[in-house]
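Both ligands and their constituent atoms are indexed starting at 1 by order of listing.
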Amino acid sequence: MDKPLTHTTKLQYLMAIGLLAALAVAQAWILSGQRKTNQLLAAVYVSGRQGVLLHRTALLAQRLVTTPAQDERADVRKELLDTMSLLEHSHTGLVNGDRGMNLPSRPSSTVRALFFDTPTLLDAQLRNYAAEVNELARMTDVELTLDNPRLSSILAAASGKELPAALDVVMKHYQVEHDAAVARLQRLEGWLFGMIVCLLLLMVGIRLGPFVRRMLQRETATLKSLNEILVQRAQELARSNTDLEQFAYVASHDLQEPLRMVASYTQLLAKRYQGKLDADADEFITYAVEGVNRMQTLINDLLAYSRVGTRGKEFAPTNCEALVDRVLTNLKATIEERGVVVTCDALPTVMADDGQLAQVFQNLIGNAVKFNNGTPPRVHISAERNQHEWTFSVLDNGIGIAPEHTERIFGLFQRLHTSSEYSGTGIGLAICKKIVERHGGRIWVRSAPGKGSTFYFTLPLREQA
Ligand code: ADP
């Protein structure tokens, strides 16, 4: 069944027809141009021939005067008359189409204008000259002497300047016209070639159009379905993220109550019965209390993690120097106990949720002290600004991190040590990452085992309210 043509195909067909018509016109134009250049060439040819004939008549006229023998004179006179006749009819060839020049039976307007109308001066001179030479041919031998004034005027005209110069002008004129016409034709042929190429492309386009369209449609469909899958996945991910956050929040929040109860009763148990039962019971009670404490820390951290997205405050100008001072006060006991040397460069005021930013500094400085066997442990805090953001860094001289772990430590519950080696829940850096990302920044670490670590995080520059 024939399918109806689409708009594009119709347009292509129309363009092809238009181009074909333009091609036909251009062809006709070129043909007529070629005819014109032929005629111009013929004109050049005839003018040149006239020059030759003219020269010959002058020579013959001279010979006629200078030849003493009577019979030889008769021959020269006859040759002179023949040459004159040729000269007189030299341009009728253009009209009659002879001389093998492939000329039109009627001269075109250009040829007429160039050859018959414009050089009227030449024409008149030629005719005049012809009449003179005819007269010369009729002269008696007695009259044919070099001091005959008519003869000398003929000789002067033919061998002198007037006629050859006029012929030269006409020939040049034709030559220039001819060259211009050839250049025009070449340009036209260039256009013609371009049009043919366009036509070919269009035809190929018409043939390939449906194929390409089908291919494009297939590709588009594939892309569309891929995109749909992607959107679906993104939605699922967002949903599961929210679910997870919700779950973490509910679980940690709801677990707190029963856990508080377990904690207070185990503590009560420890207080009342520690040392009153046997050694095993004492040990069990100690384990129970430790377990409950660990679980409480875990749940608190989990709760803090789940609250980063939901309980965040609006960003406000936050003086980081004051904020770090506050954090150091919180960590004062540990810092003093371990003899930690903390140094700090000048820090900026940034737009941030100050509670969350304090948590980031607290976790990073806390880790820098915790994972550190240095004597003394050193921590240095600094900040550097570029065009777009502030980059904060917390440097320590601690145990360092192997390169293969520098990514995963920012995940939830990711720890590189047991809790007997270093206490912790593996949530601190995950919280930092979540907070920094909420502020539009990035966090990463540069470290090597035994060489200390430097944690970096960025905060984009924001207009301060
Ligand atoms: P936690 O401190 O509770 O173990 P974090 O999420 O804060 O959990 O840290 C994850 C892990 O990254 C740590 O267990 C530790 O192995 C490594 N880590 C973090 N900070 C440092 C540090 N400054 N130097 C060496 N290791 C570190």
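- The aromatic rings of F455 and F410 stand perpendicular to each other, their planes meeting at an angle above 60°, with 30° marking the opposite boundary.
- Residue I401 has no N or O atom closer than 3.5 Å to an N or O atom of ligand 1.
- Using 4.0 Å as the threshold, T425 has a heavy atom nearer than that to some atom of ligand 1.
- Looking at F455 against ligand 1, only its side chain comes within 4.0 Å, counting heavy atoms.
- For atom 10 (C) of ligand 1, the nearest non-hydrogen atom from the set Q414, R415, K370 belongs to Q414.
- A distance below 6.0 Å separates the ring centres of Y422 and F371.
- Checking side-chain atoms of R462 against main-chain N and O of H439 turns up a donor-acceptor pair under 3.5 Å.
- Remark: distances from the non-hydrogen atoms of S453 to ligand 1 include one below 4.0 Å.
- Short contacts between ligand 1 and L416, defined as distances under 4.0 Å to a heavy atom of the residue, involve ligand atoms 14 (O), 16 (O).
- By heavy-atom distance, the residue among F371, F413, F410 lying nearest atom 21 (C) of ligand 1 is F371.
- Here the side chain of T318 pairs a donor or acceptor atom with the backbone of A352 at under 3.5 angstrom.
- Remark: ligand 1 atoms within the under-4.0 Å shell around heavy atoms of G424 are 3 (O).
- Judged by distance alone, the side chains of T220 and Q217 never bring a donor and an acceptor atom under 3.5 Å apart.
- The residue among L429, N397, D396, V394 with a heavy atom at the shortest distance from atom 23 (N) of ligand 1 is D396.
- For atom 7 (O) of ligand 1, the closest non-hydrogen atom on the protein side is N367 ND2, 2.8 Å.
- Remark: E407 CD is loosely packed, at most 12 non-hydrogen atoms of other residues, nucleotides or ligands lying under 6.0 Å away.
- Atoms of ligand 1 found under 4.0 Å from any heavy atom of G428 (numbered from 1 in listed order, with element): 5 (P), 6 (O), 7 (O).
- Y305 has its ring centre no less than 6.0 Å from the ring centre of F413.
- Closest to atom 8 (O) of ligand 1 among all protein heavy atoms lies G426 CA, 3.2 Å.
- Of the protein's heavy atoms, I409 CG2, 3.4 Å lies nearest to atom 12 (O) of ligand 1.
- Checking side-chain atoms of Q296 against main-chain N and O of L259 turns up no donor-acceptor pair under 3.5 Å.
- Taking the ring centre of F457 as origin, the terminal cationic atom of R442 falls outside the region bounded by 6.0 Å and 45° from the ring axis.
- Near H417, the atoms of ligand 1 lying under 4.0 angstrom from a non-hydrogen atom of the residue are 16 (O).
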